Amino acid sequence: MKIAKVIVDVPVMQTNRPFDYEIPRAMTPLIQKGLRVVVSFGKGNRLLQGYVVDIVDKQAVSTPLKPIVDIIDLEPVLTPELLELSDWLAKSTYAFRITCLQTILPGVMRGSYDKVVHVLQPDYPQLPTFLKQAAPVVLDDQVGKSELAALLKLRQAGVIRFEYQVHNKAKIKTQRAIMLSQSAESLLQQAQALPERLKKQKELLHYLARQTADADFVWVKTVQSLFSASVLKTALKHQLITIKALEVKRRVLPDKRVAEAPRQLLPDQKRAVAAIDQATNNKLAKVFLVEGVTGSGKTEVYLQTMQRALDLNKSALMLVPEIALTPQMVQRVFQRFGNQVAVLHSGLSEGEKYDEWRRIREGKAKVVVGARSAVFAPLENIGIIIMDEEHEYSYKQEDTPRYHARNVAIHRAAYHHCPLVLGSATPSLESRARAQKGVYQLLRLPTRVNQAPLPKVQIIDMRENIEQHQTLDFSRALSDAISVRLAKKEQSVLMLNRRGFSSFVMCRDCGYVVKCPNCDISLTLHMDTHTLKCHYCGHEEPIPKKCPNCHSNKIRYYGTGTEKVEKELQEMYPKARIIRMDVDTTRKKGAYGRLLKAFGDGQADILLGTQMIAKGLDFPNVTLVGVINADTALGLPDFRASERTFQLLTQVAGRAGRGAKKGEVIIQTYNPDHYAIQLAKSQDYEKFFRTEMNIRHQGNYPPYYFTVRLACSDPEENKAAKAAFSILKLLQPGLSQKAIILGPSPRAIARIKNRYYYQIIVKYKQEPKLAQTLDHILNLTQKSNYRQLQISIDQEPLQFM
DNA sequence: AGCACGCCGACT
DNA sequence: GTCGGCGTGCTC
């Protein structure tokens with residue numbers, strides 16, 4: 001007997017394994033691995049969506065199995081590769097298998113459920129009024145607790161019955177079309193044969209005869225503009241025409257394109273392309289790190305190596321961070337590869353995503369460009385994977401499954417025996433260190449394609465500014481530079497670093513930031529307790545009244561908002577046209593693109609924004625880039641603070657002087673001597689890498705150590721704390737002496753949604769028993785007395801707060 | 001998650 | 001005595 005192993009849609013620890021189901025005889029020829037099915041589950045026999053992950057032979061079983069109720073898909077939605085990937089993902093991120101399956105597939109594939117009440121005894125006296133009707137009633141999502149209790153009682157009394165329905169949200173969009181199954185001649189013949197009085201019918205047939213020249217069908221929608229609905233109805237009645245519902249794929253990319261040919265390569269680019277092509281040709285799962293300054297032509301290297309994969313009749317996957325931010329990039333890929341390109345990103349509607357996904361699944365799209373989740377694109381026979389801006393933090397998903405797209409890409413590249421190309425001007429330290437060790441192959445592109453010099457970067461010491469200038473946010477140098485641009489009708493981009501707003505304490509005289517004595521990490525300000533806390537080890541101290549370094553009393557929390565700066569700017573330059581871009585002004589869909597376009601069209605003189613303006617913008621008329629506060633990220637309680645600051649400043653500096661005119665960059669800071677700022681000024685990534693590696697080495701941080709974060713939360717604070725300590729007890733025996741455990745400590749925002757959070761961070765190099773221990777902890781904490789306790793594990797977290 | 005079973009307190 | 005509260009365990 002064949003048995004189907006099914007992962008059911010119940011995301012809890014206890015059901016995180018396949019369940020066996022009988023395959024009814026009628027389904028035997030249809031059933032396959034990777035299909036979605038409907039199964040009945042639990043005592044109430046409620047219907048759930050499930051995924052067939054395996055089909056096995058099994059001899060007669062002692063307890064009878066439930067049969068599969070229904071098959072949802074005709075073709076498997078998951079390839080064997082993606083099935084394996086979901087298993088690997090679940091194991092490596094400590095997430096439920098079902099959650100991983102749902103992450104891999106487009107959102108519409110997730111089952112939606114309805115609870116329907118059928119009334120069995122319509123004349124029952126205490127029947128609630130809303131049930132006193134003939135038809136079954138669909139319960140809405142928010143049925144009150146007491147209401148539900150009453151309904152359960154009625155069910156027990158046999159008055160009503162529940163029915164669970166599973167819906168497939170994945171709908172194929174169709175449009176009605178008149179099929180042109182006959183030749184033009186036969187249509188005209190039919191028209192001839194019609195009696196004279198059917199004038200409109202004759203006209204219709206003549207019209208259709210003309211269309212047969214270049215199509216198999218005509219949309220009803222277009223015909224309706226020429227003929228009325230009743231004409232079509234008559235024609236249909238007389239069987240002169242047939243109408244079918246044809247699928248229309250929601251398309252994301254335009255129909256037309258300006259085809260673009262490959263560009264000439266510089267020697268460095270040529271070398272890089274050759275090295276990558278060699279891996280593609282020889283089916284080597286090598287990882288390359290392309291380290292190229294802004295404007296060095298990384299994109300051209302990507303495009304040409306992707307072309308190589310296509311030439312070998314393979315597919316290509318290209319990951320771009322937050323794709324909405326770089327429409328130029330998508331455009332360029334489209335111009336090169338045309339209709340075989342599919343785009344996947346969060347800006348698409350569910351339906352659009354589904355259609356693009358199916359074009360990939362059906363093999364119609366061989367090139368995929370997309371953001372983080374596109375790493376799961378159902379491509380087969382992948383010849384190359386590209387990951388642009390590999391250092392970007394948006395590649396890490398912040399909620400379950402907490403995966404990093406880079407790791408998924410590495411896994412898929414290994415499966416497909418194809419190269420993975422990581423590209424960045426400022427690679428993550430993890431990747432650059434791996435290249436150093438020879439795990440990845442480093443390909444450097446040190447020169448700019450157009451030979452343009454890097455913009456001149458000037459650093460302004462804001463500590464001096466306080467005395468000289470009354471406005472705190474603008475130095476004389478920056479305001480003068482803005483005035484010059486306004487006079488010359490050139491544009492300025494001003495960036496306000498909002499990360500870490502008001503959350504740390506800094507001395508305005510010397511730039512000193514209070515750090516944890518144990519962890520060498522900035523302390524975070526907690527206004528509720530009026531203390532400074534370390535989020536790593538839990539160290540706590542009072543807020544200093546005087547700067548411990550220079551004894552000034554100008555030590556206070558630090559931060560500035562975009563609105564305030566905009567007001568200041570407007571006062572300084574009443575005639576300047578300013579576009580402000582922050583979370584508030586870009587919340588609406590499409591607002592981001594609209595504002596950028598307005599700026600690109602020259603409708604404003606100054607673009608003021610948060611870090612979102614640092615990425616990928618390319619406006620030739622921008623000759624000044626100002627960073628109003630370079631420090632805020634440095635103050636974050638995060639060992640990656642320097643790295644983030646360096647990356648951000650380097651990136652934003654690249655926005656200046658993209659066109660023919662020379663660019664200038666002004667960075668305002670209270671830490672002018674900080675290496676991250678100094679090295680951003682000289683745009684010297686390699687030196688930054690060496691300096692920062694040293695610091696990481698001394699502090700036992702990545703990439704010298706791996707990290708894992710265990711967080712637990714409970715509505716009751718003492719329970720959360722107690723749980724954290726029992727987790728610690730469970731953890732310790734599974735670790736060697738060399739592992740470093742930090743915490744348990746309360747998280748920065750101790751209470752979110754009425755839950756208290758505690759966390760433990762483990763730093764380690766080699767811990768063979770760690771994964772097993774973590775699984776054990778997950779299993780135990782589910783069964784323990786802590787019913788309300790939630791526990792999460794984040795491998796290599798990027799956010800430690 | 002959702003359901004049943006089962007064991008204790010306050011009601012007809 | 002029993003109704004119903006929720007704590008506990010199971011779902012092919």
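Everything quoted here is computed from the prediction, not taken from an experiment. Order of the sequence lines fixes the chain letters, A, B, ..., with proteins taken first and strands second; residue numbering starts at 1 for each chain.
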request  = Go through B:dA1, C:dT11, B:dA4 for me and flag the one nearest to the A:Arg17 side chain.
outcome  = C:dT11
request  = Compare the minimum distances between each of B:dA1, C:dC12, B:dA4 and the side chain of A:Arg155, then state the nucleotide with the smallest one.
outcome  = B:dA4
task = Grab the CG-C1' distance between A:Leu48 and C:dT11 for me, whole Å please.
result = 10 Å
query = Between B:dA1 atom C1' and A:Arg97 atom CZ, what is the distance in whole Å?
reply = 20 Å
request  = Check whether the ring centres of A:Phe639 and A:Tyr705 lie less than 6.0 Å apart, and answer yes or no.
outcome  = no
request  = Would you mind reading off the distance between A:Arg46 atom CZ and C:dC10 atom P, rounded to a whole angstrom?
outcome  = 17 Å
key: Whole angstrom value for the distance that separates C1' of B:dG2 from NZ of A:Lys43   = 10 Å
message = From the set C:dG9, C:dC12, C:dT11, return the single nucleotide nearest to any side-chain atom of A:Gln14.
response = C:dT11
inquiry  = Considering every strand and a 4.0 Å limit on heavy-atom distances, what is the contact class for A:Phe41: base, sugar-phosphate, or nothing?
reply    = base
request  = May I ask you to decide if the ring planes of A:Phe41 and A:Phe19 are parallel, tilted or perpendicular, using 30° and 60° as cut-offs?
outcome  = perpendicular
key: With A:His404 via ring pair (Phe, Tyr, Trp, His ring centres under 6.0 Å) - residues at least two apart   = none
Residues which pass ring pair (Phe, Tyr, Trp, His ring centres under 6.0 Å) with A:Tyr395, listed by chain and number, not counting sequence neighbours = none
message = What's the closest nucleotide to the side chain of A:Lys66 if the choices are C:dC12, B:dA1, B:dA4?
response = C:dC12
Face-on cation placement of A:Arg644 at A:Tyr393 ring, 6.0 Å and 45° thresholds = yes
A:Ile23 CD1 to C:dC12 C1', straight-line distance once rounded to whole Å = 13 Å
message = Expressed as a whole number of angstroms, how long is the span from A:Leu65:CG to C:dT11:P?
response = 12 Å
inquiry  = Could you tell me how far apart A:Asn45 (CG) and C:dC12 (C1') are, to the nearest whole angstrom?
reply    = 11 Å
key: Atom-to-atom span, CE of A:Met13 to P of B:dA1 - whole angstrom   = 14 Å
Side chain of A:Phe19 - closest among C:dC12, B:dA1, C:dG9 = C:dC12
